[in-house]
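Structure first, commentary second.
Convention: sequence-line order gives letters A, B, ...; per-chain numbering from 1.
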2 protein chains.
Amino acid sequence: MLPDLIQGIRGQSRLSISQAISLIEDNRDEGAELLSEIYKDTGNAYRIGITGPPGAGKSSLTHNLISAFRKIDKRVAVIAVDPSSPFSGGAVLGDRIRMTSHFSDPHVFVRSMATRGSRGGLAQTTQEVGEIFDAAGYDIIIFETVGVGQIELDVIQATDSVIVVLVPESGDEVQMLKAGLMEIGNIFAINKADRAGSNKLMITLKNILSTLTIEDSQWLPQVVATVATEGKGIEELMNSIDAHKSFNKTQGIQKVKIDDRYKKRVMKLIADDLMDDFWKDKNHSELHSELEKQPDHRQSPYNLAKQLMMQK
Amino acid sequence: MLPDLIQGIRGQSRLSISQAISLIEDNRDEGAELLSEIYKDTGNAYRIGITGPPGAGKSSLTHNLISAFRKIDKRVAVIAVDPSSPFSGGAVLGDRIRMTSHFSDPHVFVRSMATRGSRGGLAQTTQEVGEIFDAAGYDIIIFETVGVGQIELDVIQATDSVIVVLVPESGDEVQMLKAGLMEIGNIFAINKADRAGSNKLMITLKNILSTLTIEDSQWLPQVVATVATEGKGIEELMNSIDAHKSFNKTQGIQKVKIDDRYKKRVMKLIADDLMDDFWKDKNHSELHSELEKQPDHRQSPYNLAKQLMMQK
């Protein structure tokens, strides 16, 4: 069963890829075994993160990037991350319909992920699905998220190039960005750049970026104006991605990113195993019998932790 | 030394509180010992989280809440969380000056926290500082953050009542909220409500809230209009906080929150200890000798993790 699946992934079978993703989502041990087996087939894909506020046109831009990469014969996989929210579901799925024009192209694979609570969390599952695509010979893997919250940041920070998509009306969001997203964007796409306010946002962004202290060994984020619905600015965006990719490579940043992902993965696997081992019967029941007491009759969490560790 | 410090905290000495905070930030073992000792003095404070985009007036609102709580003789501590960003520092500190009018009041303590990388991360340190204030007899602890990113969400989710501050211009941010913050706010304050667009935002928010499936056992988020600079709407905001606090208590939610914080604290302490133990000399050097190989010569992270766990 597993050997067939692995053979299928290597042979770029869509069915095998879908089955592999289900396996990762459903079965912890078999999923890990699969990922372990295909590890030697990975390491060739370039990972691009696309984030920004809802309505900025991330999906349209992704659609354009797929077309542009297909023109230069790159195989493209898209992982659209949408942490399940009672609100966001509808709109995001609507946007995504645009991408269906690629559905008949065997070298494009679009996958939405919205499930909470898969093992290790959505951010980890997303990366594992990325490894499947990597092993299946996709050259480009696009991770598309709405730029809010912990999961999305975790997803984005595990990519090689991050594009933050803004719209001319994003003045307020740039304020938000100052406090967070600004530090993770390698390329800023001002989408819907035919609207009023586009130039002003461009200048604001460039001003903010110019206040950054950038060493020669660091990438100076680029700002690109796009109109995704008309395909405008996509060439420039592709050039920026290419420039950032080259920069990562020549500066040894790409190697650091790969090493970092490897290290984090090992540490996460160990952490999960250690916690699973630890919180078995005895320790679990001791914690719960402490929780059954009234808060002011409990020993301090520090004492309890110390005591449980000593019994280990 | 430690007994003196504990005595000082119980005696509400500002100097002791400051020293205790420094200890927590600087020294892992002594900090944990201190927190363990004062645990039995905690459990009386009510924790309020205040979040929202920069410029929404969070600090002004906090200033008003301090005054309002002082009028009913409550002691108030404020922990202003500002994960160090090259950009946000200036503005936030500027805003914070407004709060200095309380500096002469011995029953108000304002503390900014911006240090990255203290043990266990900023979110944990913030909670530990909260415990110091709790033990020092502060009735209300306000956690003020800019609502972006992982750390801020971790901080906010550990409070009892969360106020999300918006301004009439926040239309776009409400879009953002849909995808994230909306689910964490118990009370929405539309600040600067004398500006155009205030009513529209109020209606939009209430519409979104009305689409939520709220069980009887769940809190229906309230929306309050405020003008913090003029002290308008503060009474209503105080009433909402009070209503939410009562609701938490009667529905048993407060107990669940306290239990959850206790459980998470124990589990985090154990996780830190287990990881420290594990990543000592041998395992650490094995991981690093694997990282020295080229990525395509490494064994899979899954294999390495398995192997290291088996040697344990």
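- Residue contact with chain A, scored on non-hydrogen atoms closer than 4.5 Å, is absent for B/N283.
- Rounded to the nearest 0.5 Å, atoms CG (A/D41) and OG (B/S300) are 11.5 Å apart.
- Between chain B and the options A/Q294, A/K263, A/M267, the largest number of non-hydrogen pairs under 4.5 Å is found for A/M267.
- Note that CG of B/D276 and CE of A/M309 are 8.5 Å apart. Values are rounded to the nearest 0.5 Å.
- Annotation for A/V266 and B/A305: closest pair O-CB, 4.4 Å, computed over non-hydrogen atoms.
- No side-chain heavy atom of A/Y302 sits under 4.5 Å from any side-chain heavy atom of B/E37.
- Residue A/K255 comes nearest to B/L291 through the heavy atom pair NZ-O, 4.1 Å, listed as atom of the first residue, atom of the second, then distance.
- Options A/A271, A/P301, A/P295 differ in how many heavy-atom pairs under 4.5 Å they form with chain B, and the most are formed by A/P301.
- For A/K249, there are no salt bridge (Lys or Arg N to Asp or Glu O under 4.0 Å) partners at least two apart in sequence or on another chain.
- Interface remark: A/H297 contributes no atoms to any contact with chain B (heavy atom separation under 4.5 Å).
- Contacts with chain A were tallied for B/L304, B/L308, B/T42, B/D296; B/L304 has the most, counting heavy-atom pairs under 4.5 Å.
- Atom CZ of B/F278 is separated from atom CD1 of A/I270 by 3.5 Å, given to the nearest 0.5 angstrom.
- Residues that satisfy the salt bridge (Lys or Arg N to Asp or Glu O under 4.0 Å) test with A/K282, not counting sequence neighbours, are A/E286.
- Neither the backbone nor the side chain of B/E292 comes within contact range of chain A; no heavy atoms are under 4.5 Å apart.
- Chosen from A/H288, A/K40, A/R298, the residue pairing most often with chain B at heavy-atom distances under 4.5 Å is A/R298.
- Contact annotation for B/E290: only side-chain heavy atoms (C-beta onward) come within less than 4.5 Å of a heavy atom of chain A.
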- Take A/Q299 and B/Y39 through the test side chain to side chain contact (heavy atoms under 4.5 Å, CB included) and record every step on the way to the result. CA-CA 8 Å; A/Q299 52 178 319; B/Y39 174 72; over 6 Å; no
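- Rounded to the nearest 0.5 angstrom, A/N303 CG and B/E33 CD are separated by 10.0 Å.
- For B/K264, the NZ atom sits in a loose shell: 12 or fewer heavy atoms of surrounding residues, nucleotides or ligands are nearer than 6.0 Å.
- Heavy-atom distances place no part of B/K306 under 4.5 Å from chain A, backbone and side chain included.
- Remark: B/D281 CG is loosely packed, at most 12 non-hydrogen atoms of other residues, nucleotides or ligands lying under 6.0 Å away.
- The structure places CG of A/L287 at 7.0 Å from OH of B/Y262, a figure rounded to the nearest 0.5 Å.
- Residue-environment remark: NE2 (A/H284) stays at or below the threshold of 12 foreign heavy atoms within 6.0 Å.
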